Amino acid sequence: MLSWASILYGAALSAALAGVALAVLARPHQAAVIAAGVAATVAGPVAWNAILRSTHASQFFTDAPVAVLPASWQDTGSGVFALAATAVLLGVGPLAGAPARRTISLAALCGLAAFLVDVYLY
């Protein structure tokens, strides 16, 4: 089971990676979009891992038998929660008037960042 320190460390790394990805790939560069993406990329994995921790769901940490990408359900859940949180936060926040394609593309970057950090951290 993950400790709170480990959960917060993973969320911070996910947010840092998402922030870099958004700063490099988001056009035009908007501080509000980057800040919302970073905040949601912290909140999503923390929420997911808090659920796993509180329910003692240790079987979610079983890695797939693929050497290149040994993802577990826990890793996938972190990515999905980051994607969802970012899509909602961007969609009702700084990108409320933007096309859905742009919003979901940026949210996918954040979800991917959380997923990859979890795959290679835990």
Side-chain angles (χ1 to χ4, degrees):
M1 196 56 49
L2 295 176
S3 68
W4 281 110
S6 182
I7 290 170
L8 295 175
Y9 178 67
L13 286 178
S14 296
L17 182 59
V20 169
L22 288 172
V24 170
L25 299 173
R27 300 280 186 242
H29 299 293
Q30 295 174 306
V33 170
I34 295 168
V38 166
T41 305
V42 168
V46 167
W48 171 244
N49 286 306
I51 290 167
L52 293 181
R53 182 174 167 76
S54 68
T55 60
H56 308 287
S58 60
Q59 295 201 2
F60 277 79
F61 294 88
T62 303
D63 287 344
V66 180
V68 178
L69 191 68
S72 67
W73 289 112
Q74 180 271 338
D75 304 328
T76 304
S78 290
V80 169
F81 269 59
L83 169 76
T86 307
V88 169
L89 196 55
L90 290 176
V92 299
L95 297 181
R101 181 177 302 203
R102 178 160 187 252
T103 303
I104 200 64
S105 296
L106 297 177
L109 280 175
C110 295
L112 182 61
F115 171 74
L116 291 174
V117 165
D118 274 19
V119 165
Y120 293 107
L121 180 64
Y122 303 120

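Note that this is a predicted model, so its numbers are computed, not measured.
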Are L52 and L2 side-chain neighbours, meaning at least one heavy-atom pair lies under 4.5 Å?
-> no
Single-linkage hydrophobic cluster Y9~F115, side-chain heavy atoms < 4.5 angstrom = no
Does any non-hydrogen side-chain atom of P70 lie less than 4.5 Å from one of V119?
-> yes
Contact summary for A114 and G79, nearest pair of heavy atoms | CB-CA, 4.2 Å
Rounded to the nearest 0.5 Å, how far apart are OG of S72 and CG of D118?
-> 7.5 Å
Taking a hydrophobic cluster as the set of Ile, Leu, Val, Met, Phe, Trp and Tyr residues connected by side-chain heavy atoms closer than 4.5 Å, whether directly or through intermediates, do V42 and W4 fall within one such cluster?
-> yes
Between F60 and W73, does the ring centroid distance fall short of 6.0 Å?
-> no
Separation between CD (Q74) and CH2 (W48), nearest 0.5 Å, reads 8.0 Å
Please lay out, stage by stage, how I104 and L90 fare under the test side-chain contact (heavy atoms from CB on, under 4.5 Å).
-> CA-CA 9 Å; I104 200 64; L90 290 176; over 6 Å; no
Beyond-backbone contact of L106 with T86, side-chain heavy atoms, under 4.5 angstrom | no
Are L95 and V38 connected in a single hydrophobic cluster, I mean Ile/Leu/Val/Met/Phe/Trp/Tyr linked by side-chain heavy atoms less than 4.5 Å apart?
-> yes
Where is the tightest heavy-atom contact between A82 and P45, given as atom of each residue plus distance?
-> CB-CD, 4.0 Å
Transitively linked via ILVMFWY side-chain contacts under 4.5 Å: V46 with V117?
-> yes
If you measure from CG on L83 to CG on L112, what distance do you get to the nearest 0.5 Å?
-> 10.0 Å
Does the side chain of F81 reach to within under 4.5 Å of the side chain of I51, using non-hydrogen atoms?
-> yes
For Q59, does its backbone N or O pair with a side-chain atom of T62 as donor and acceptor, under 3.5 Å?
-> yes
Side chains of S78 and D75: is there a donor and an acceptor less than 3.5 Å apart?
-> no
Just distance, no hydrogens or angles: give the donor-acceptor pairs under 3.5 Å from side chains in residues 16-36, sequence neighbours left out.
unit_1	atom_1	unit_2	atom_2	d
R27	NH1	V24	O	3.3
R27	NH1	H29	NE2	2.5
R27	NH2	V24	O	3.3
H29	ND1	A23	O	2.8
H29	ND1	A26	O	3.2

Check G10 against L121 and note the closest heavy-atom contact, atom names and distance.
-> CA-CD2, 3.5 Å
Side chain to side chain donor-acceptor pair (under 3.5 Å) partners of residues 34-45, not counting sequence neighbours, each pair once | none
Taking the side chain as C-beta and beyond, is there a heavy-atom pair between Y120 and L69 under 4.5 Å?
-> yes
Straight-line distance of S14 OG to L116 CG, nearest 0.5 Å | 9.0 Å
